[in-house]
Amino acid sequence: MQGQALPGFRDSYPEELALRNYIFTTWRDVARRYGFQEYDGPPLEPLELYVEKSGEELVQQLYTFEDRGGRKVALRPEMTPTLARMVGARAQALKKPIRWFSIPQLFRYERQQRGRLKEHFQLNMDIIGEPGPAADAEVMAAALDTLRAFDLGPSDVRLRVSDRRIVAAHLAARYQVSGTELPGVLAGLDKWDRNPAETDAILRKVLGNDTRVGPILGFMSGLREQADALQRLPVAEPLNECCSRLEAMGLRQFVEVDFRIVRGLAYYTGVVFELFDAGNSLRAICGGGRYDDLLKEISGIDLPCVGFGMGDVVLGELLREHGKQPEAPTQLDAFLVAVGGEDVDPVLKLASQLRGGGLAVEYALRNQPIRKQLELAAARGAPRAVIIGPDERKAKVAIVRDLKTGRQRKVSLAKVRKGIFR
RNA sequence: GUGGCUGUAGCUCAAUCGGUUAGAGCGCCGGACUGUGGCUCCGGAGGUUGCGGGUUCGAUUCCCGUCAGCCACCCCA
């Protein structure tokens, strides 16, 4: 064993790369259908770009080092700061709302496990400059349509939506949770599903040993039942508008309002959502939301944003599980077979002509029995073999053999040269 | 970063209680098959049993360490 890729990094063999390319192609196609334009930035950024806004926790997971010029740099862990910088630099000139997408390779330094490597590709779609729920709905629709484009439906994937403003308003009105307490309480809510004991601990830390802890815990445990009541609050108007837009787009059956969705990132300010597989056995496929203050913090330009990220790792696992991998496309148009050594030059000539005409053509690189050459042709998935031997050359024809059916016929060389095989 | 489980050929797995030369199927290469693939038969390559140490006459097997993978936590790109 000559060693392997660094832990958490992938060698992509042709079969795996084909899946990734299929994912990328589909992503780009959906983005195009939604009128998004593609952008990109550097994979390596100054460390400060992330340290300033992200705080220590994310910094611990940054893939950082010092370059030869003594600069502290980081492999980008997310695209949003880069996006903010780019938009900020041209904010005056860009027509709003801005619809941009990107497929960056992102990095983190952290122990890998299933669905989470040190490196992945992530579709990012963002709408910048539009504060209303129409943009929220548009972005969610794009996320859902991406999964529909992979032939996944409401029984395969679910979109869970919440709005931090609703939860915050309720917590403030009912339990007098202040603005400074809110992030901590939301962090507690975020833990509720996985680790209620920790939720308790967090609440006690944020609120002190306060009489509100018990009632707030009760509120969290009953959130599902109270969803309807929360949606009737006036602050729920944007979320409701968002849902009705999704309904008008025919996507309502994917959507569940679930106020337990918080999202870990602190910068979300409104609607937040996550996309899960229906079996709930994988990590979130996609997560996003509204982050109206972030651009201002990074670039000084005050523009509201909403967007999501969708990684290729979990999505790839999901596609595998559902058998939605694309069949390997036939790459060759023809495999040329030279019967004897004297037939090699004519085969080379024909290969050159066909390739010149844009066709994909392969032939054996060694003189081999026809049997061997046909075996290779079949293994390559070629739809047909074109056989040239002394008899064929004399008659100015080639034998075109259909490798699926085994049927074959003689076709004039003049036609074959033009890529006509029948 | 913390804890638990697991590491035998490219893949899936065998190997008695610790026993002598670590096997099989698939895949790969070649042959039977000299102008026709898929089937069949035969042969071959491919292993420091993840790595290092310990116990033992003897370790794939037991112990320790380490690395890697998986799972959970942390965190959630």
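We name chains A, B, ... by the order of the sequence lines, and we start the count at 1 in each one.
- At most 12 non-hydrogen atoms from other residues, nucleotides or ligands lie less than 6.0 angstrom from CD of A:Gln37.
- Ranked by how close their nearest RNA chain B nucleotide is to the 5' end, A:Leu374 and A:Phe107 are led by A:Leu374.
- Taking the nucleotide of RNA chain B with the nearest heavy atom to each of A:Lys191 and A:Gly389, the more 5' of the two is matched to A:Gly389.
- Taking only side-chain atoms of A:Pro7, from C-beta outward, the nucleotide of B:U36, B:C75, B:A68 with the closest atom is B:A68.
- Across the protein-nucleic acid pair, A:Leu106 atom CG and B:C75 atom P stand 20 Å apart, rounded to whole Å.
- At a cut-off of 3.5 angstrom, the base of B:U36 holds no donor-acceptor pair with the side chain of A:Arg371.
- For A:Arg111, the listed nucleotide lying nearest its side chain is B:G3; candidates were B:C74, B:U36, B:G3.
- Taking a 6.0 Å sphere around CZ of A:Arg380, one finds it holds 12 or fewer heavy atoms contributed by other residues, nucleotides or ligands.
- Side-chain polar atoms of A:Glu38 and A:Ser102 form no donor-acceptor pair below 3.5 angstrom.
- B:G35 atom P lies 15 Å from atom NZ of A:Lys372, rounded to whole Å.
- A straight line from CD1 of A:Ile202 to P of B:C74 spans 9 Å, rounded to a whole angstrom.
- Classification of the A:Phe107-A:Tyr63 ring pair by plane angle, with boundaries at 30° and 60°, yields perpendicular.
- At a cut-off of 3.5 angstrom, counting only N and O atoms as typed in the model, there is a donor on one side and an acceptor on the other between the side-chain of A:Gln408 and the base of B:U36.
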